[in-house]
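Shown next, in structure tokens, is the structure this report addresses.
When a ligand or atom number is given, it counts from 1 through the structure's own listing order.
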Amino acid sequence: MPPSMKRLAILTSGGDSPGMNAAIRSVVRTALGRGLEVLGIRNGYDGLIDGEISPMKSVDVGGIIGRGGTILRSGRSPRFMEPEGRAAAARTLKENAVEWLVVLGGDGSLTGAKLLHEEQGVAVIGLPGSIDNDIPCTDLSIGFDTAINTAVEAIDKIRDTAYSHDRVFVIEVMGRRNGFIALEAGLAGGAEAILIPELPFDLPGICDMLRAGVAKGKRSSIIVTAEGAATASSVQEFLQKETGYEVRCLVLGHMQRGGSPTALDRVLATRMGAEAVKVAMAGYDCHTIGLVGTKLVAEHLGVVLSTQRNVDPERLLLAEVMAL
Ligand code: F6P
């Protein structure tokens, strides 16, 4: 390598999300195309601390655009939450002459990136990768579209059985702290009720709604609950006890995090990955790429992490009208 060649490194961190590979591919190929050397860090921040870093060539990211998960692997790193861990991570970057670090992950991973910049002066560019879609300053995070399509496919299948057997089904989707997946998948799947952590819900009211439905000839229903609102089993138990109807429940769990990314996620990841390299080379050093409308914007991580992204309550009202 000529000594003048600048180096950019990339890692994936936190929960994996479909489209991460497409983003890695884009970062690697854009950076190589702009004359940089690219290094891949395996196993997230833990790998950065431990020096699991090696060069990536174009061929290393061949054939991965349609693959879920992350070829770099991911994880949550308690060691990186401590200043000593971040100092060790910065040492790895320095020893490998890395000029820019691209971090692909959720809000916890981006918080880590910001600290690395503030404490160690590392130039970082974040890419929003999370099925939860809760990262502020972007309309979409990489992986959300695939996750909601996975959930909708499951809801559609369950509805067949719900209809055939006159049953109520409670489907639990991911979302520890927010209801973006529940709202979007519930609306798209025609759920009769959607429970999210951000807004109060009324289980006795849902029982009344089910009874009213039966009175007008509706013999099956789907309730979607975000894991952070109520567990499917607790809702099942309550509805069954109160109404006497046959209620079943299902937890979709981590299957929402896997699978081949949708075209939307692949294109989003490809656009965002290329933009990350562009803004890094332009001198941005503590920013995250977001999609606002149809345009990509680079927002300072300080702004991103002090902003809250809220669900749109209109969507819940819309779902209620559709369930009438
Ligand atoms: O952050 C994404 C997410 O899928 C959440 O919705 C979920 O609660 C969490 O990850 C579970 O992650 P893990 O099982 O990897 O800790």
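- Relative ring orientation between Tyr45 and Phe80 is described as parallel, the plane-to-plane angle staying below 30° on a 0-90° scale split at 30° and 60°.
- In terms of protein heavy atoms, atom 5 (C) of ligand 1 is closest to Asp132 OD2, 3.4 Å.
- The single protein non-hydrogen atom nearest to atom 9 (C) of ligand 1 is Arg176 NH2, 3.5 Å, given as residue, atom name and distance.
- Look at Arg177 and Glu198 and you find no salt bridge, because none of the NZ, NE, NH1 or NH2 atoms lies under 4.0 Å from a carboxylate O.
- Considering all non-hydrogen atoms of both residues, Met272 and Thr138 come closest at CE-OG1, 3.7 Å.
- At the shortest separation from atom 14 (O) of ligand 1 among protein heavy atoms lies His254 NE2, 2.7 Å.
- Ligand 1 does not have Gln256 within reach: every non-hydrogen atom of the residue lies 4.0 Å or more from it.
- The closest protein non-hydrogen atom to atom 12 (O) of ligand 1 is Arg257 NH1, 2.9 Å.
- Close approach of ligand 1 to Gly175 is summarised as follows: ligand atoms under 4.0 Å from at least one heavy atom of the residue are 6 (O).
- Of the protein's non-hydrogen atoms, the one nearest atom 4 (O) of ligand 1 is Met174 SD, 3.0 Å.
- Residue contacts with ligand 1 for Arg76 involve side-chain atoms from C-beta outward but no N, CA, C or O (heavy atoms, distance under 4.0 Å).
- Residue Glu227 has at least one heavy-atom neighbour below 4.0 Å for each of these atoms of ligand 1: 5 (C), 6 (O), 7 (C), 8 (O).
- Between Arg211 and Asp208 there is a salt bridge, with a side-chain nitrogen of the basic residue lying less than 4.0 Å from a carboxylate oxygen of the acidic one.
- No donor-acceptor distance shorter than 3.5 angstrom exists from the side chain of Ser13 to the backbone of Ser109, with no hydrogens or angles considered.
- Within the listing of ligand 1, atoms 4 (O) sit less than 4.0 angstrom from a heavy atom of Ile131.
- One finds no salt bridge joining Lys114 and Glu119 here, because no Lys/Arg side-chain nitrogen approaches an Asp/Glu carboxylate oxygen to under 4.0 Å.
- In this structure, Val173 and Gln256 have side chains that are in contact, with non-hydrogen atoms separated by less than 4.5 Å.
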